[in-house]
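These notes are about the structure you will find just below.
Protein chains get the first letters and strands the later ones, always in sequence-line order, with residue 1 at the start of each.
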There are 2 protein chains.
Amino acid sequence: MYFYSMKKSSLYKGCLEPILLRLLKDHGRMYGYQMTQMVKDITKGELTITEGALYPLLHKLEEQGIVETETEMNGNRMRKYYSLTKAGKKQTSIAMEEMKAFMQSLEYIVNPKIALG
Amino acid sequence: MYFYSMKKSSLYKGCLEPILLRLLKDHGRMYGYQMTQMVKDITKGELTITEGALYPLLHKLEEQGIVETETEMNGNRMRKYYSLTKAGKKQTSIAMEEMKAFMQSLEYIVNPKIALG
DNA sequence: ATTTTATACATAATTTTCTTATGTATATAG
DNA sequence: CTATATACATAAGAAAATTATGTATAAAAT
C-alpha cells in the first residue's frame, strides 16, 4: 500500500513551450537551469520542468530561430543563455494569445458560472 | 504563403481526462458525441475534442472503473452513455483539485502580478 | 436524385511531447 | 568522502494526442 502521494500526471503537456516563451519575454535572458528553478519558485513547487523535456525543447526553439544563445562561463561552470529573437517575440505574442484563450476555455469548463448567449 | 490561420497546437494535451470528468460530474450522464459538442459550445469553438482522442480515453476510463456505460438506441442510432462510478466521483474530486492547482500555476506564470513572500 | 454534412460509434498508424535513466563535470555542504 | 546542488546533454520508453480510415443512419443542400 502506498500512502505517499502519487506522481501528478503532467497536465502541462503541450504548455511547456509557451511557458518558456513567457519566461524569456519577462526576463529577457535566461539559462536553462534558471528556468527550471524560476518555474518551481513561481508556482510554489507545483510545476517541475524536467531536464529531459527542457533541453531538447530549447534546442528545437533555437533551430527554429525562435531563440538565440550565448554561452558564458560562471566561474568554471558553463551557462548557456537563451533570449528571444525578433521572430521569437512575434511568435511569443501569438503563443500568449493562444494561452489566454486556452486558460479562458479551462475556466469555462471547470468553473461554468457564466450564462452564455 | 499561408494567410489563413495556422492550426492551433493543442495546449490541452494532458487536460482531456479532467475535462471529461468535469463534464460528467456536472451533467451526470453523457454520450461521447455529446461531450465533443458541449466542449465546443462551452469554449465558443476554442477547444475541439477529436474522436481519436475521445473514444480510446473513454474506454480506458471504463476499464479503470472510473465510468460505467449504458447503450441506448435513439431512433436507429446507438448512443453509449457514460456516467461516473463511485470510485470515479472520488477520482474526479482529486482531478479537480489538481486542475485548480495547475490553473493557478499557469496564472502565476502568464500573469505574474502577485508579489511573493 | 445525389452529394454533402451531421450524428454516432470505433480503431490503427503516426506524431508530439513528455518521463525516466544515464552521462559528463564542477562546487558546496555535511 | 559522500551527498546535494549546479549546469549541461541525450537516448530509450511511455503517454497522449492527431490524422486517417472504417461502419452506419439521418437530414440538408444542390
Side-chain angles (χ1 to χ4, degrees), chain A residues 6-21 29-41 45-64 66-67 69-82 95 98-99 102 105, chain B residues 6-21 29-41 45-64 66-67 69-82 95 98-99 102 105:
Chain A
M6 277 200 322
K7 183 89 181 60
K8 264 172 220 147
S9 65
S10 79
L11 291 168
Y12 78 105
K13 227 182 216 249
C15 291
L16 185 54
E17 182 172 324
I19 286 172
L20 297 186
L21 294 179
R29 208 175 86 105
M30 299 181 75
Y31 57 98
Y33 185 77
Q34 187 185 12
M35 298 179 198
T36 68
Q37 298 309 300
M38 190 172 281
V39 166
K40 209 197 282 178
D41 285 353
E46 191 64 27
L47 292 191
T48 308
I49 299 177
T50 60
E51 296 164 296
L54 176 70
Y55 293 114
L57 177 51
L58 287 173
H59 300 163
K60 193 199 76 176
L61 292 174
E62 190 179 8
E63 269 178 42
Q64 293 176 340
I66 307 289
V67 297
T69 63
E70 288 170 311
T71 299
E72 285 179 21
M73 295 309 286
N74 177 254
N76 276 325
R77 271 204 291 251
M78 182 181 66
R79 284 177 180 172
K80 197 165 166 187
Y81 282 91
Y82 290 83
E98 284 179 13
M99 269 296 267
F102 170 64
S105 292
Chain B
M6 279 200 321
K7 183 87 181 62
K8 264 170 222 150
S9 65
S10 78
L11 291 167
Y12 79 104
K13 241 175 212 260
C15 290
L16 186 53
E17 183 172 324
I19 286 172
L20 297 185
L21 293 179
R29 208 175 87 106
M30 299 181 75
Y31 57 99
Y33 186 76
Q34 187 185 12
M35 297 179 199
T36 67
Q37 300 307 300
M38 189 170 282
V39 166
K40 210 196 282 179
D41 285 354
E46 191 64 30
L47 292 190
T48 307
I49 298 177
T50 60
E51 294 162 296
L54 176 70
Y55 292 114
L57 176 51
L58 286 173
H59 300 162
K60 192 197 76 173
L61 292 173
E62 191 180 7
E63 268 176 43
Q64 294 176 340
I66 307 288
V67 298
T69 64
E70 289 168 311
T71 300
E72 284 179 20
M73 295 308 287
N74 176 253
N76 276 326
R77 273 204 290 250
M78 181 183 67
R79 283 177 180 172
K80 197 165 165 186
Y81 283 91
Y82 289 83
E98 283 179 12
M99 269 296 267
F102 169 65
S105 292

Distance col, row B:M38:CE vs B:I49:CD1, nearest 0.5 angstrom, shows 11.0 Å

Would you mind telling me which residue lines up with the more 5' stretch of DNA chain C, A:G75 or B:G52, judged by nearest nucleotide? B:G52

A:S10 OG to B:E98 CD distance, which is reported to the nearest 0.5 Å: 11.0 Å

For the backbone of A:M78 and the side chain of A:Y31, can you confirm whether one donor and one acceptor N or O come within less than 3.5 Å of each other? no

Nearest-angstrom distance from the residue atom CD of B:E63 to P of C:dT11: 10 Å

Whole-Å distance between C:dC18 C1' and A:L58 CG? 14 Å

Is A:Y55 near enough to D:dC8 that one of its side-chain N or O atoms lies under 4.0 angstrom from OP1 or OP2? yes

With rounding to the nearest 0.5 Å, note down the distance linking CG in B:L16 to CG in B:L58. 8.5 Å

For nucleotides 23-26 of chain C, list the nitrogen or oxygen atoms of the protein found under 3.5 Å from its nitrogen or oxygen atoms, one pair per line.
from: C:dT26; atom 1: O2; to: A:R77; atom 2: NH1; distance (Å): 2.5

Rounded off to whole Å, could you give me the OH-to-P distance for the B:Y33 and C:dA6 pair? 8 Å

Of the listed nucleotides (C:dA8, D:dT10, C:dT11), which one gets closest to any side-chain atom of B:P56? C:dT11

Using whole Å, report how far CD of A:E17 lies from P of C:dT15. 19 Å

For the atom pair OG1 (A:T36) and CG (A:L20), what is the distance rounded to the nearest 0.5 Å? 10.5 Å

The nucleotide from C:dC18, C:dA10, D:dA7 with an atom nearest the side chain of A:A53 is C:dC18

With respect to the side chain of A:K13, which nucleotide from C:dC18, C:dC9, D:dT10 is positioned closest? C:dC18

At under 4.0 Å between heavy atoms, what does B:L57 touch on the DNA or RNA strands: base, sugar-phosphate, or nothing? nothing

Of the nucleotides C:dC18, D:dC8, C:dA10, which has the atom closest to the B:H59 side chain? C:dA10

Calculate the interatomic distance between A:L54 atom CG and D:dT10 atom P; express it in whole Å. 12 Å

Verify, without hydrogens or angle tests, whether B:Y12 (side chain) and B:T48 (backbone) share a donor-acceptor contact under 3.5 angstrom. yes

Among D:dC8, D:dT18, C:dT7, the one nearest any side-chain atom of B:S10 is D:dT18

Among the nucleotides C:dT19, C:dT7, D:dA7, which one has an atom lying closest to any side-chain atom of A:T50? C:dT19

Closest non-hydrogen atom pair between B:L47 and A:S105, with its separation: CG-CB, 3.9 Å

Grab the CG-P distance between A:L11 and D:dA17 for me, whole Å please. 10 Å

Rounded distance (Å) that lies between atom C1' of C:dT16 and atom CG of B:L16: 15 Å

Nearest-angstrom distance from the residue atom CZ of B:R79 to C1' of D:dT25: 12 Å

So, does B:Y31 get its side chain near the phosphate of C:dC9, meaning an N or O under 4.0 Å from OP1 or OP2? no

Taking the side chain of A:K60 as its heavy atoms from C-beta onward, which of D:dA7, C:dA8, C:dT17 lies nearest to it? C:dT17

Only one of B:R77, B:R79, B:K80, B:R29 forms a salt bridge (Lys or Arg N to Asp or Glu O under 4.0 Å) with B:E72, so which one is it? B:R29

